[in-house]
Peer 1: 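Below is one structure. I have some questions about it.
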Amino acid sequence: MVNRPRRSVYVPQDIEPKWQKVWAERGVMKARDDSPKPKYYDLVMYPYPSGDLTVGHARNYVMGDVLARMKRMQGFEVLHPFGWDAFGLPAENAAMKRGNLHPESWTLGNIAKGTRELKMMGILYDWDREVTSCLPDYYRWTQWLFLLMLERGLAYRAMAPVNWCPVDKTVLANEQVINGRCWRHPDVEVEKRDLEQWFLKITDYADRLLDDLALLDRWPHKVRVMQTNWIGRSKGAEVDFEVEGLGGETVRIYTTRPDTLFGATFMVLAPEHPLVERITTEKHRERVREYVEKARKETEIERLSTERVKSGVATGGFAINPVNGERIPIWVADYVLMTYGTGAIMAVPAHDERDFEFATTYHLPIREVIAPPGGEQGELREAYTGPGLMVNSGDFVGLDAAAGIEKVTAWLEARGKGKPAVKYRLRDWLISRQRYWGAPIPVVYCPVDGIVPVPAEQLPVLLPKEYRPLPDVPEFWRATCPRCGGEARRETDTMDTFIDSSWYFLRYASPHDQTQAFDPELANHWMPVDQYTGGVEHAILHLLYSRFFTKVLHDAGLLNVSEPFKRLFNQGMVKRFGQVMSKSLGNGVSPEELVAAQGADAGRIYEMFIGPPEEDVEWSDAGLNGVVRFLQRVWRLVLEPESIAEDGSGPDGGADVAVLRRKVAQTVGRVTEQNEELRFNTAVAALMELANSMQDYLQGGGSRDADWDAAVRTLVKLLNPMAPHICEEMWERLGESGMLADASWPEFDAAAAAELKLVLVVQVAGKLRDRLSVEAGLSEADALTAALASEKVRAALNGHGPSKVIYVQDRLINLVP
RNA sequence: GUCGGCGUGGCGGAAUGGCAGACGCGCCAGCCUUAGGAGCUGGUGCCCGAAAGGGCGUGGAGGUUCAAAUCCUCUCGCCGACACCA
């Protein structure tokens with residue numbers, strides 16, 4: 001019988017709950033406001049508590065947790081908070097589905113469940129700072145921020161066309177309108193209604209929101225591009241065209257190409273343009289009215305489709321082109337939008353694709369005024385939008401089109417017929433929602449005083465206990481005017497939930513403050529967020545709104561920063577069977593199942609190892625087994641190295657202590673750097689390599705001396721952020737005093753790094769020298785001199801982190817036979 | 001259509017312009033086991049070859065460089081965002 005050493009097997013379920021309890025008791029992740037240590041604010045986007053938490057969502061939180069734990073070990077005072085974006089439609093839908101369920105109890109139930117699952121995964125937050133946006137403690141301050149906006153002239157009420165379902169008696173979101181019909185009543189057509197709604201004037205901040213994107217150099221390029229396009233700043237000119245027969249009255253158009261003004265052969269107004277009625281002649285009245293009516297009925301989606309053929313009608317009216325006095329016909333067409341520019345354009349079919357298409361359809365003249373460089377003029381088959389010289393353009397002929405833009409604009413300005421103008425695609429933010437489950441907008445309407453804000457000291461405006469549409473709850477909307485004390489009606493709309501999420505990251509700084517939304521001193525201490533992690537689906541809305549709020553609060557003197565998130569990361573999604581994991585699709589794996597099957601640590605490492613963090617990944621149980629094997633091996637390496645040593649003879653030279661030492665140093669550098677850059681998949685690979693090297697060392701007959709000991713301790717520390725439970729357990733069994741959470745992160749030796757840099761120079765230069773002497777016939781000495789002088793060699797050494805230098809050096813050393 | 005991103009083994013993926021395929025999965029062979037979907041050892045880009053060895057290789061075509069998966073130009077294919085914004 002073989003006498004095997006008895007192995008103590010690592011059973012995650014035996015140790016994980018124990019350590020989770022210890023961390024909670026010791027308050028390991030409590031952030032101290034008065035700590036002398038440098039701060040690190042590690043934030044994950046707070047989720048909607050849908051009750052559907054899968055390992056897919058957990059991946060995001062594990063990333064944040066790994067970073068938080070590493071930063072803590074590195075000596076930072078880490079703020080790693082969590083909260084819930086708890087207002088919103090799904091809660092109301094769930095409540096409606098199940099008669100007597102209140103949105104609040106549904107929401108709070110999901111929160112309790114989610115909290116448990118996060119803790120089960122070993123994810124540590126400072127739960128004392130938990131924020132829940134649907135609780136009065138929080139939405140009181142959401143309301144206060146609305147008042148601040150109002151006070152600063154950034155909140156206003158205006159008419160807006162909205163989608164209205166006559167059966168549900170509520171406004172619908174654009175996504176809830178399908179083919180012009182209500183999503184819940186496929187036979188009911190949605191009406192367009194003009195309703196008074198509340199808006200926030202985000203357009204006031206368009207320039208700063210755009211310009212400051214340049215400061216966000218640690219944001220994904222993609223997100224910055226998306227925001228740039230969304231804001232959509234364009235520069236051009238507004239030009240006034242006199243309307244024939246209207247007594248000198250003018251129509252103002254906007255164009256980005258004033259250089260093509262001589263090519264304007266007609267004008268187009270949006271159907272909603274206020275002058276349509278007056279410009280239209282008697283003869284055309286009926287047809288224009290019909291067309292405008294039809295356009296009004298169309299949904300945005302239909303109207304904005306580029307697929308369809310352009311349509312329009314002539315008004316019978318004419319405008320006078322200010323540059324040449326030419327009479328051009330005025331048309332109405334729905335490809336011109338009232339919501340952009342001035343709602344009117346000059347049509348230059350020769351140099352604008354849309355105008356070209358329209359002119360072709362209705363046989364309107366096309367006049368070329370920009371000649372392509374070197375190209376001959378002739379029949380245009382499509383609009384030419386490139387550069388060129390101005391032709392057929394009066395005194396401007398021969399000018400370069402780019403220069404023409406300025407010259408023509410100046411010419412117009414001098415005569416009071418136009419001026420430079422900047423336009424944005426960005427619209428003001430409509431924040432009114434005809435919903436129960438949101439923060440009530442804190443204003444009342446008084447017959448005497450008009451719109452009156454609820455005084456800050458009377459906040460919060462509480463939601464009624466009973467779940468019913470707010471306009472149906474008289475005890476809610478009956479109010480007294482704070483100004484005159486007379487009878488008034490309370491606003492029954494609630495706020496868009498994106499308002500809640502535009503400032504939650506500030507509440508974490510002082511979550512229990514009963515006197516203000518946040519303590520400016522504490523907010524200034526913790527802000528900006530050093531690392532913000534969340535889904536790319538928020539690339540525009542949430543991130544733009546949060547930036548807007550931050551700038552407003554900065555202007556109000558309440559915040560020092562004007563950008564909230566220093567570094568942004570968008571993680572990929574976890575899929576299973578080709579689809580994004582979700583409980584409703586039945587392909588979700590819950591943290592609970594995962595922990596029961598393979599343990600939290602294996603799950604955490606797998607989530608990090610499964611693929612690049614920014615990529616979508618496919619969950620597989622086979623892959624999970626691989627990391628379980630890895631953890632088992634680490635366990636034996638650390639606690640029972642003798643059992644590994646007996647397992648076989650490793651490669652020759654496997655016991656080289658210098659190799660082991662170098663591997664340890666290299667791994668410290670790689671894991672530090674790659675965790676910092678959130679490249680967790682390669683950090684795990686580096687740890688696996690270290691374990692492999694340690695195994696080779698043991699099996700090659702290496703002695704378990706001080707070097708071995710150092711390797712073991714380094715491995716445990718480096719692995720700790722990813723697999724904290726097993727590392728705590730091993731640390732304790734190694735007889736170390738003190739919790740691993742208090743242990744320091746292994747330092748990278750700067751002197752060693754410098755030395756290695758030198759080795760790298762020699763290696764790279766040596767390679768180059770060899771080539772030069774063979775291929776250019778230089779003597780060895782000359783070749784070496786040339787090689788060392790080479791820019792490439794010098795450049796090769798600049799700006800690289802220690803781990804990369806070691807890595808390259810490692811690879812190059814092996815080149816030498 | 002416009003903008004952005006990505007194309008590397010059977011698979012997920014590694015590679016400061018410097019050995020392409022780290023690490024893992026899977027697979028093959030062997031060991032150990034009463035047994036194994038456990039553990040251990042070795043192998044595993046493709047082609048030729050018994051082996052030694054040789055040839056080919058990062059979607060395709062050019063280019064820059066002593067050196068290209070990486071930089072440049074064109075092209076093909078996927079993915080994402082925006083989409084009549086004048």
Side-chain angles (χ1 to χ4, degrees), chain A residues 2 4 7 9 220-226 228-230 232-234 236 253-257 260 268 303-308 310 333-337 339-348 351-355 357-358 423-427 536 539-540 606 609-612 614-618 620-627 629-630 632-633 636 643-644 646-651 679 681-689 691-692 699 760 763-764 767-772 774-776 783 786-787 790 792-793 795-801 803-805 807-808 811-812 814-815:
Chain A
V2 184
R4 309 190 128 272
R7 291 178 189 169
V9 180
H221 175 65
K222 180 184 173 180
V223 173
R224 289 193 286 165
V225 169
M226 282 168 75
T228 303
N229 294 339
W230 188 262
R233 178 161 67 191
S234 85
I253 62 102
Y254 172 70
T255 178
T256 54
R257 295 291 305 273
T260 64
V268 187
R303 192 167 156 187
L304 295 182
S305 167
T306 50
E307 303 296 308
R308 64 192 208 148
K310 292 197 174 18
D334 62 6
Y335 80 90
V336 174
L337 308 173
T339 45
Y340 183 80
T342 61
I345 60 157
M346 64 167 190
V348 184
H351 306 291
D352 182 282
E353 282 163 32
R354 295 148 305 183
D355 298 345
E357 192 192 326
F358 193 81
K423 299 288 176 194
Y424 304 88
R425 217 189 74 113
L426 184 70
R427 309 282 155 76
V536 73
I540 306 283
Y606 181 56
F609 187 55
I610 186 168
E614 70 279 8
E615 297 288 329
D616 288 353
V617 292
E618 176 77 21
S620 95
D621 294 337
L624 184 55
N625 290 337
V627 302
R629 234 171 279 172
F630 166 63
Q632 294 288 3
R633 196 137 51 98
R636 289 175 63 202
S643 83
I644 296 241
E646 281 172 17
D647 260 338
S649 58
R679 305 190 43 206
N681 56 327
T682 53
V684 175
L687 288 163
M688 287 174 166
E689 277 187 53
N692 290 347
Q699 294 182 347
L760 178 68
Q763 291 295 331
V764 174
K767 192 122 196 274
L768 185 49
R769 177 203 60 192
D770 292 348
R771 281 199 198 231
L772 285 175
V774 172
E775 286 163 24
S790 143
K792 303 265 161 116
V793 169
L797 296 168
N798 285 336
H800 297 304
S803 85
K804 278 177 188 158
V805 171
Y807 185 55
V808 170
R811 292 172 59 157
L812 287 173
N814 294 336
L815 270 180

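Letters go in sequence order (proteins before strands), and every chain restarts at 1. Model, not experiment: these values are computed from the prediction. Below, all heavy atoms of this structure are taken into account, side chains as well, without hydrogens, waters or symmetry copies.
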Peer 1: Counting the atoms with a prime plus P, OP1 and OP2 as sugar-phosphate, which does A/Gly341 contact under 4.0 Å by heavy atoms, base, sugar-phosphate, or nothing?
Peer 2: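 Here A/Gly341 touches no strand at all.
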Peer 1: Is there a Watson-Crick or G-U wobble partner for B/rG45 with both distances under 3.5 Å, and which nucleotide is it?
Peer 2: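 Base-paired to B/rC56.
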Peer 1: If you only use heavy atoms from C-beta on, which nucleotide in B/rC25, B/rC84, B/rA86 is closest to the side chain of A/Tyr254?
Peer 2: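 Of B/rC25, B/rC84, B/rA86, B/rA86 is nearest to the side chain of A/Tyr254.
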Peer 1: Between A/Arg629 and B/rG39, is there a contact of a side-chain N or O with OP1 or OP2 at under 4.0 Å?
Peer 2: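 Checking B/rG39 against A/Arg629, a side-chain N or O does come within under 4.0 Å of OP1 or OP2.
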Peer 1: Which part of the nucleic acid, if any, lies within reach of A/Asn692 when heavy atoms closer than 4.0 Å are counted: base, sugar-phosphate only, or nothing?
Peer 2: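 Sugar-phosphate only.
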Peer 1: With syn defined as a glycosidic angle within 90° of 0 and anti as everything else, classify B/rG30.
Peer 2: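 With its glycosidic angle more than 90° from zero, B/rG30 counts as anti.
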Peer 1: Has A/Arg679 got a side-chain N or O lying under 4.0 Å from the OP1 or OP2 atom of B/rA15?
Peer 2: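 Yes, such a contact exists.
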Peer 1: Using the closest heavy atom to pick a nucleotide of RNA chain B for each, name whichever of A/Tyr424 or A/Pro612 lands nearer the 5' end.
Peer 2: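 This one resolves to A/Pro612.
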Peer 1: What distance, rounded to whole Å, do you find between the two P atoms, one in B/rU2 and one in B/rG63?
Peer 2: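 Those two atoms are separated by 28 Å.
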Peer 1: In this structure, how many angstroms lie between the C1' atom of B/rC84 and the CG atom of A/Asp355, rounded?
Peer 2: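 So the CG-C1' distance, A/Asp355 to B/rC84, works out to 10 Å.
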Peer 1: When you get a sec, tell me which of B/rG4, B/rG24, B/rA86 is the closest nucleotide to the side chain of A/Lys222?
Peer 2: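 Of the options given, the side chain of A/Lys222 lies nearest B/rG4.
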Peer 1: May I ask you to check whether A/Tyr606 and A/Asp621 show a side-chain donor-acceptor distance below 3.5 Å?
Peer 2: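 Side-chain D/A pair, A/Tyr606 to A/Asp621: absent.
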Peer 1: With both distances kept under 3.5 Å, what pairs with B/rA86, Watson-Crick or G-U wobble?
Peer 2: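 Answer to the pairing question: none, since B/rA86 forms no Watson-Crick or G-U pair.
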Peer 1: OP1, OP2 of B/rA14 versus side-chain N and O of A/Asn681: anything below 4.0 Å?
Peer 2: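 So the side chain of A/Asn681 is within the cut-off, an N or O lying under 4.0 Å from OP1 or OP2 of B/rA14.
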Peer 1: With a 4.0 Å cut-off on heavy atoms, is A/Ile610 in touch with a base, just the backbone sugar-phosphate, or nothing at all?
Peer 2: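 Sugar-phosphate contact only.
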Peer 1: Any side-chain N or O of A/Tyr340 under 4.0 Å from OP1/OP2 of B/rA86?
Peer 2: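 Checking A/Tyr340 against B/rA86: at least one side-chain N or O falls below 4.0 Å of OP1 or OP2.
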Peer 1: What's the CD-P distance between A/Glu357 and B/rA86, to the nearest Å?
Peer 2: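 Answer to the nearest Å: 17 Å.
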Peer 1: Could you tell me the Watson-Crick or G-U partner of B/rU33, where both distances fall under 3.5 Å? Say none if there is no partner.
Peer 2: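 Checking every strand shown, B/rU33 finds no partner, since no pair has both distances under 3.5 Å.
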Peer 1: For a quick check under 3.5 Å, do A/Arg425 and A/Asn229 share a side-chain donor-acceptor pair by atom type?
Peer 2: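 No pair is found: no donor N or O on one side chain lies under 3.5 Å from an acceptor on the other.
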Peer 1: I need the CE-P distance between A/Met226 and B/rA83, as an integer number of Å.
Peer 2: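 For the pair A/Met226 CE and B/rA83 P, the rounded distance is 10 Å.
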Peer 1: Whole angstroms only, please: what is the CD1-P distance between A/Ile345 and B/rA86?
Peer 2: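 It is 11 Å, rounded to the nearest whole Å.
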Peer 1: On a heavy-atom basis, which atom in A/Ala691 and which in A/Phe630 lie closest, and how many Å separate them?
Peer 2: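 Nearest heavy atoms, A/Ala691 then A/Phe630: CB-CE1, 3.9 Å.
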Peer 1: Considering only side-chain heavy atoms of A/Leu337, which listed nucleotide, B/rC82, B/rA86, B/rG39, is closest?
Peer 2: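 Selected nucleotide (nearest to the side chain): B/rA86.
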Peer 1: Over all strands shown, is A/Arg224 touching base, sugar-phosphate only, or nothing at heavy-atom distances under 4.0 angstrom?
Peer 2: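 Nothing, no nucleic acid heavy atom in range.
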Peer 1: Looking only at atom P, what distance separates B/rG59 and B/rG13, rounded to whole Å?
Peer 2: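 Taking atom P in both B/rG59 and B/rG13, they lie 15 Å apart.
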Peer 1: Pick the closest RNA chain B nucleotide for A/Glu615 and for A/Thr256 by heavy atoms, then say which residue is nearer the 5' end.
Peer 2: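 Looking at the nearest nucleotide for each, A/Glu615 comes out on the 5' side.
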Peer 1: Less than 4.5 Å apart, side chain to side chain, heavy atoms only: is that true for A/Ile345 and A/Asp355?
Peer 2: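 Yes; the side chains approach each other to less than 4.5 Å.
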Peer 1: For the P atoms, the ones on B/rG26 and on B/rG12, what distance do you get once it is rounded to whole angstrom?
Peer 2: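 Approximately 15 Å lies between the P atom of B/rG26 and that of B/rG12.
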Peer 1: Between A/Gln699 (CD) and B/rG39 (P), how many Å, whole number?
Peer 2: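 Atom CD in A/Gln699 sits about 15 Å away from atom P in B/rG39.
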Peer 1: Between atom NE2 in A/His221 and atom C1' in B/rG80, what is the gap in whole Å?
Peer 2: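 Interatomic distance, NE2 of A/His221 to C1' of B/rG80: 13 Å.
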Peer 1: If every non-hydrogen atom of A/Arg257 is compared with every non-hydrogen atom of A/Met346, which pair is closest and at what distance?
Peer 2: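 Result for this residue pair: O-CE, 3.6 Å.
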Peer 1: Would you say that A/Leu687 contacts A/Phe609 through its side chain, given a criterion of any heavy-atom pair below 4.5 Å between the two side chains?
Peer 2: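 SC-SC contact between A/Leu687 and A/Phe609 ruled out.
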Peer 1: Search all heavy atoms of A/Gly341 against all heavy atoms of A/Lys423 and return the closest pair with its distance.
Peer 2: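 For A/Gly341 versus A/Lys423, the nearest heavy atoms are CA-CD, 3.9 Å.
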Peer 1: Which nucleotide, B/rA86, B/rG4, B/rG24, lies nearest any side-chain atom of A/Val225?
Peer 2: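 The listed nucleotide nearest to A/Val225's side chain is B/rG4.
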Peer 1: Please report the distance, rounded to the nearest Å, between CG in A/Asp616 and P in B/rC79.
Peer 2: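 For the pair A/Asp616 CG and B/rC79 P, the rounded distance is 13 Å.
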Peer 1: Quick one: which of B/rG26, B/rA22, B/rC84 gets closest to the side chain of A/Ala622?
Peer 2: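 Side chain of A/Ala622 sits closest to B/rG26.
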Peer 1: What distance, rounded to whole Å, do you find between the two P atoms, one in B/rC46 and one in B/rA51?
Peer 2: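 Approximately 14 Å lies between the P atom of B/rC46 and that of B/rA51.
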Peer 1: Please give the distance between the P atoms of B/rC74 and B/rG5 as a whole number of Å.
Peer 2: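 One P to the other, the span is 14 Å.
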Peer 1: Expressed as a whole number of Å, how far does the P atom of B/rA69 sit from that of B/rG60?
Peer 2: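 Per the computed distance, 11 Å lies between those P atoms.
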Peer 1: Rounding to an integer number of Å, can you tell me how far A/Glu689 CD sits from B/rC23 C1'?
Peer 2: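 The answer, rounded to whole Å, is 6 Å.
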Peer 1: Watson-Crick or G-U wobble partner for B/rG4, using a 3.5 Å limit on both distances?
Peer 2: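 Pairing partner: B/rC79.
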Peer 1: Could you tell me how the ring of A/Tyr254 sits relative to the ring of A/Tyr340: parallel (under 30°), tilted (30 to 60°) or perpendicular (over 60°)?
Peer 2: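 It falls in the perpendicular class, over 60°.
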Peer 1: Rounding to the closest angstrom, what is the interatomic distance between B/rU64 and B/rC56 at atom C1'?
Peer 2: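 Approximately 24 Å lies between the C1' atom of B/rU64 and that of B/rC56.
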Peer 1: Below 4.0 angstrom from OP1 or OP2 of B/rC82, is there any side-chain N or O of A/Arg425?
Peer 2: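 Looking at the OP1 and OP2 atoms of B/rC82, neither is under 4.0 Å from any side-chain N or O of A/Arg425.
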Peer 1: Using a 4.0 Å heavy-atom cut-off across all strands, classify A/Ser234 as base, sugar-phosphate, or nothing.
Peer 2: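 Contact class for A/Ser234: sugar-phosphate only.
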Peer 1: So which nucleotide does B/rG18 pair with, by the Watson-Crick or G-U wobble rule with both distances under 3.5 Å?
Peer 2: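 Base-paired to B/rC66.
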Peer 1: For B/rA22 versus B/rG9, give the span between their P atoms, rounded off to a whole number of Å.
Peer 2: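 After rounding to an integer number of Å, I get 13 Å for this pair.
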